[in-house]
Undergrad: 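Below is the structure I would like to discuss, written out as structure tokens.
Everything numeric here is computed off the predicted structure, so don't read it as measured data.
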Amino acid sequence: MSTRPMRNTGSLLVKAQPGRNIVDITPQSAGWRYIGFRAIRLGAGEAEAFSTGARELCITVLSGQVDVMVGTQRFSALGSRRSVFEAQSPYAVYVPPGGEVQVIARDAAEVAFSTAPAQGRLPCRVIEPAQMRRSVRGQGANTRHVCDILPESEAAESLLVVEVITPAGHSSSYPPHKHDSVDASDPLAETALEEVYYHQLDPSQGFAFQRVYTDDRSLDEAMAVEHRDAVLVPRGYHPCTAPYGYDLYYLNTMAGPERRWAFRNDPAHAWLMAPR
């Protein structure tokens with residue numbers, strides 16, 4: 001079976017692969033310091049085993065149902081949705097560094113692994129769907145539906161994890177915003193966070209668009225994103241648009257030197273936030 005390269009040379013777009021490993025992003029492959037991200041498919045009875053090493057891990061059960069073993073701890077029957085587009089929150093598991101992990105699928109499942117450096121100050125735990133805050137952001141064609149899986153209000157050392165559904169014909173991460181620098185004169189103004197977008201589309205033959213660009217345009221890349229592709233955001237603004245007829249889902253993983261999400265909108269488009 002032929003495969004596509006995991007990352008196109010010089011591109012921030014990571015194409016989905018057939019088989020078990022859908023996308024596999026490491027700090028080395030991304031050329032940055034913090035985030036690792038992997039999404040896999042498992043058939044009923046299949047298992048995935050690995051060690052977290054020196055990194056903390058957030059396991060998100062995107063679809064299907066799995067058992068998760070972390071050392072001698074077993075978390076059974078995690079997962080309650082058949083698709084990421086169902087109006088319910090996922091199950092997740094937080095795993096500290098040094099964990100021996102095994103994920104066993106009870107039926108066909110898709111699972112995401114978000115990782116970042118950590119020291120191991122927190123225990124392993126299940127994050128129940130009922131613990132996750134759901135909200136609606138924006139208005140009009142900027143409306144999107146957010147589920148906070150591992151926000152800064154919940155315990156972790158580096159990771160921030162959230163999922164978003166953008167309805168067909170709407171924009172998201174818009175007006176364009178960035179979180180790539182720290183201003184010593186105003187430390188609350190912006191944080192520096194790497195970010196991965198893991199996209200899905202409904203129906204799956206659809207596509208969406210994402211642009212990643214900086215103020216000086218030293219980085220300026222516009223991408224057509226297909227089902228299960230990922231986009232790297234090392235810096236810069238990163239808006240998305242879902243064409244008519246296709247809902248867009250994405251799972252965001254963020255991490256950086258400070259575990260706090262503070263962003264700055266592109267000044268050229270700040271007028272979009274003015275009261276009307």
Undergrad: Using the salt bridge (charged side-chain N to carboxylate O under 4.0 Å, His left out) rule, collect all pairs that involve residues 145-159, keeping only residues at least two apart or in two chains.
TA: Arg121-Glu157, Arg133-Asp148

Undergrad: Step by step, work out the side-chain hydrogen bond (donor to acceptor under 3.5 Å, both in side chains) result for Tyr237 and Asn265.
TA: CA-CA 8 Å; Tyr237 308 100; Asn265 288 324; over 6 Å; no

Undergrad: For residues Glu190 and Asp180, determine if any side-chain heavy atom of one lies less than 4.5 Å from a side-chain heavy atom of the other.
TA: yes

Undergrad: Look only at the side chain of Ser158 and the backbone of Ala255, and say whether a donor-acceptor pair between them is shorter than 3.5 Å.
TA: no

Undergrad: Can you list the other members of the hydrophobic cluster that holds Phe113, where links are side-chain heavy atoms under 4.5 angstrom apart?
TA: Ile40, Leu42, Phe50, Leu57, Ile59, Val61, Val66, Val68, Val70, Phe75, Leu78, Tyr91, Val93, Val95, Val101, Val103, Val111, Val126

Undergrad: Measuring only between side-chain heavy atoms, which start at C-beta, is Ser172 closer than 4.5 Å to Ile165?
TA: no

Undergrad: What's the separation between atom SG in Cys58 and atom CG in Leu251, rounded to the nearest 0.5 Å?
TA: 8.0 Å

Undergrad: Quick one: does Glu100's side chain get under 4.5 Å of Ser51's, heavy atoms only?
TA: yes

Undergrad: For a side chain to side chain contact (heavy atoms under 4.5 Å, CB included) check, start with the C-alpha distance between His177 and His238, then their side-chain angles and the critical distance, and finish with the verdict.
TA: CA-CA 7 Å; His177 71 265; His238 39 275; 3.3 Å; yes

Undergrad: List in chain and number order the residues that pass salt bridge (Lys or Arg N to Asp or Glu O under 4.0 Å) with Glu163, two or more places apart in sequence or in another chain; answer none if no residue qualifies.
TA: Arg81

Undergrad: Do Phe37 and Leu232 make a side-chain contact, defined as non-hydrogen atoms from C-beta onward lying under 4.5 Å apart?
TA: no

Undergrad: Per the salt bridge (charged side-chain N to carboxylate O under 4.0 Å, His left out) rule, what does the pair list look like for residues 63-76, sequence neighbours excluded?
TA: Asp67-Arg74, Asp67-Arg106

Undergrad: Are Gln210 and Leu12 packed together at the side-chain level, in the sense that at least one heavy-atom pair is separated by less than 4.5 angstrom?
TA: no

Undergrad: Indicate yes or no: at least one non-hydrogen side-chain atom of Tyr198 is less than 4.5 angstrom from one of Arg228.
TA: yes

Undergrad: Taking side chain to side chain donor-acceptor pair (under 3.5 Å) as the definition, give me every residue that meets it alongside Ser89, ordered by chain and number, with sequence neighbours left out.
TA: Arg134

Undergrad: If every non-hydrogen atom of Thr191 is compared with every non-hydrogen atom of Arg260, which pair is closest and at what distance?
TA: OG1-O, 2.7 Å

Undergrad: Test of understanding: with salt bridge (Lys or Arg N to Asp or Glu O under 4.0 Å), list the residues that count as partners of Arg137, not counting sequence neighbours.
TA: none

